[in-house]
Amino acid sequence: MNFYWNHFSVTNLFLDLLTVIVFMLLFSYFLRRKGERLASCRFSLVYSKAFLQTALFIFACSIIVSLFPGLSTFLRIRVLWTILVVIVPILLCWQSYRFRRIWPLLFVCILLTLKYYAEVWEPNNLEILPIQIRHEKVSSPIKLVHLSDLQTDGINELHQKVKVSIERFQPDLILFTGDVLNHKELIPSVYAYLHSIATQDRSFFVEGNVDGILDMQDFVKKLVSKSCKRKLNLCK
């Protein structure tokens, strides 16, 4: 239920649907315990308490599940995000339709705007921070690019903006400080992307904490093109 589609989208969509279904079932259960029905219950203190009970219960379950080996701790963040920008708008839309009220739709628009900003606009909004460092032992300017934590789910518009900016800057050194991708299926596209950037005489790559899925020696070897006069160094 995102505004984008990538390698994880099928899994994320399944998790979102599961979260929505379980949430609605539990929410209805907590309301029935208080003598209310989900289909006919207006906003009230009882409604709010049942909502908070459900949200806290599901969040606690997501924390426990995320502790299992092989699962990401970001699961709990995913669940909270789904509750905020999917479940809450659904409930607001239902309240607006059921009781003929317009004001809930205003909050729906706000939440959907927040969702769009967080998932589409902000991740593709490139910000470049130029920093000048002076040292007595450096007699002439050295232009350096620091590229880190791509943690990409796919090479997209933002990555292309980064590439264009680097080409315009024409750095003397490029430092890749790890965490380049999130799953093995993207290795070929990340190879091609980093290969197109590391065209200077000296580029350095430092392994990040999520790069354990890579064979680092093989990764660096494939980044080195015989037709390209440069050397990519692996730092540990």
Side-chain angles (χ1 to χ4, degrees), residues 2-9 12 72-75 77-78 81 113-236:
N2 297 113
F3 285 115
Y4 57 85
W5 191 264
N6 58 35
H7 179 82
F8 290 115
S9 292
N12 288 337
S72 173
T73 55
F74 285 99
L75 175 63
I77 305 300
R78 180 79 195 185
W81 185 244
T113 300
L114 173 64
K115 181 177 174 64
Y116 181 84
Y117 170 82
E119 295 180 2
V120 178
W121 192 87
E122 197 280 336
N124 290 301
N125 182 35
L126 177 64
E127 294 183 7
I128 300 174
L129 180 63
I131 299 176
Q132 291 187 359
I133 301 176
R134 300 180 182 276
H135 196 281
E136 58 183 11
K137 293 185 179 181
V138 180
S139 57
S140 59
I142 299 175
K143 294 193 292 185
L144 184 150
V145 166
H146 177 207
L147 187 60
S148 181
D149 289 273
L150 294 178
Q151 295 196 356
T152 180
D153 296 326
I155 301 302
N156 55 36
E157 179 184 353
L158 178 65
H159 300 96
Q160 299 305 329
K161 289 180 180 179
V162 170
K163 177 183 174 182
V164 171
S165 298
I166 291 176
E167 290 172 348
R168 289 176 179 172
F169 185 59
Q170 297 182 336
D172 300 304
L173 293 174
I174 300 179
L175 306 181
F176 301 97
T177 51
D179 292 355
V180 294
L181 74 170
N182 289 335
H183 48 86
K184 292 183 178 180
E185 289 79 0
L186 281 173
I187 290 177
S189 60
V190 172
Y191 277 155
Y193 178 71
L194 293 183
H195 188 280
S196 68
I197 294 177
T199 57
Q200 305 300 314
D201 291 334
R202 301 185 68 184
S203 299
F204 293 86
F205 186 93
V206 179
E207 183 178 356
N209 67 306
V210 302
D211 294 325
I213 60 176
L214 295 173
D215 180 336
M216 294 308 303
Q217 295 295 336
D218 182 64
F219 181 75
V220 173
K221 184 186 296 183
K222 289 183 178 180
L223 283 176
V224 177
S225 172
K226 294 181 180 180
S227 62
C228 202
K229 295 181 180 179
R230 57 138 168 86
K231 181 179 180 181
L232 183 67
N233 302 280
L234 174 62
C235 302
K236 293 186 176 180

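Residue numbers run from 1 in the order of the sequence given.
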Query raised in the report: Stepwise, does the side-chain contact (heavy atoms from CB on, under 4.5 Å) test hold for F176 with H146?
Result: CA-CA 6 Å; F176 301 97; H146 177 207; over 6 Å; no
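- A donor-acceptor pair under 3.5 Å is formed between the side chain of Y193 and the backbone N or O of H159.
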Report task. Show your working on side-chain contact (heavy atoms from CB on, under 4.5 Å) between L175 and L147 and close with a plain yes or no. Result -> CA-CA 6 Å; L175 306 181; L147 187 60; over 6 Å; no
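- With sequence neighbours excluded, the residues forming a side-chain hydrogen bond (donor to acceptor under 3.5 Å, both in side chains) with S148 are T177, listed by chain and number.
- Nearest approach of W81 to K115, heavy atoms of both residues: CZ2-CA, 3.8 Å.
- No donor-acceptor pair closer than 3.5 Å links the side chain of D172 to the backbone N or O of I142.
- For residues 156-165, the pairs satisfying salt bridge (charged side-chain N to carboxylate O under 4.0 Å, His left out) are E157-K161, with sequence neighbours left out.
- Between the CG atom in L173 and the NZ atom in K143 there is a gap of 11.5 Å [rounded to 0.5 Å].
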Atom pairs and distances, donor-acceptor, side-chain atoms in residues 122-136, under 3.5 Å, two or more places apart:
{"residue": "N124", "atom": "ND2", "partner": "V120", "partner atom": "O", "Å": "2.9"}
{"residue": "H135", "atom": "ND1", "partner": "K137", "partner atom": "N", "Å": "3.0"}

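- Annotation: F74, atom CZ; neighbour count of heavy atoms from other residues, nucleotides and ligands within 6.0 Å does not exceed 12.
- Here I174 contributes atom CD1 and I197 contributes atom CD1; the two are 7.0 Å apart, rounded to the nearest 0.5 Å.
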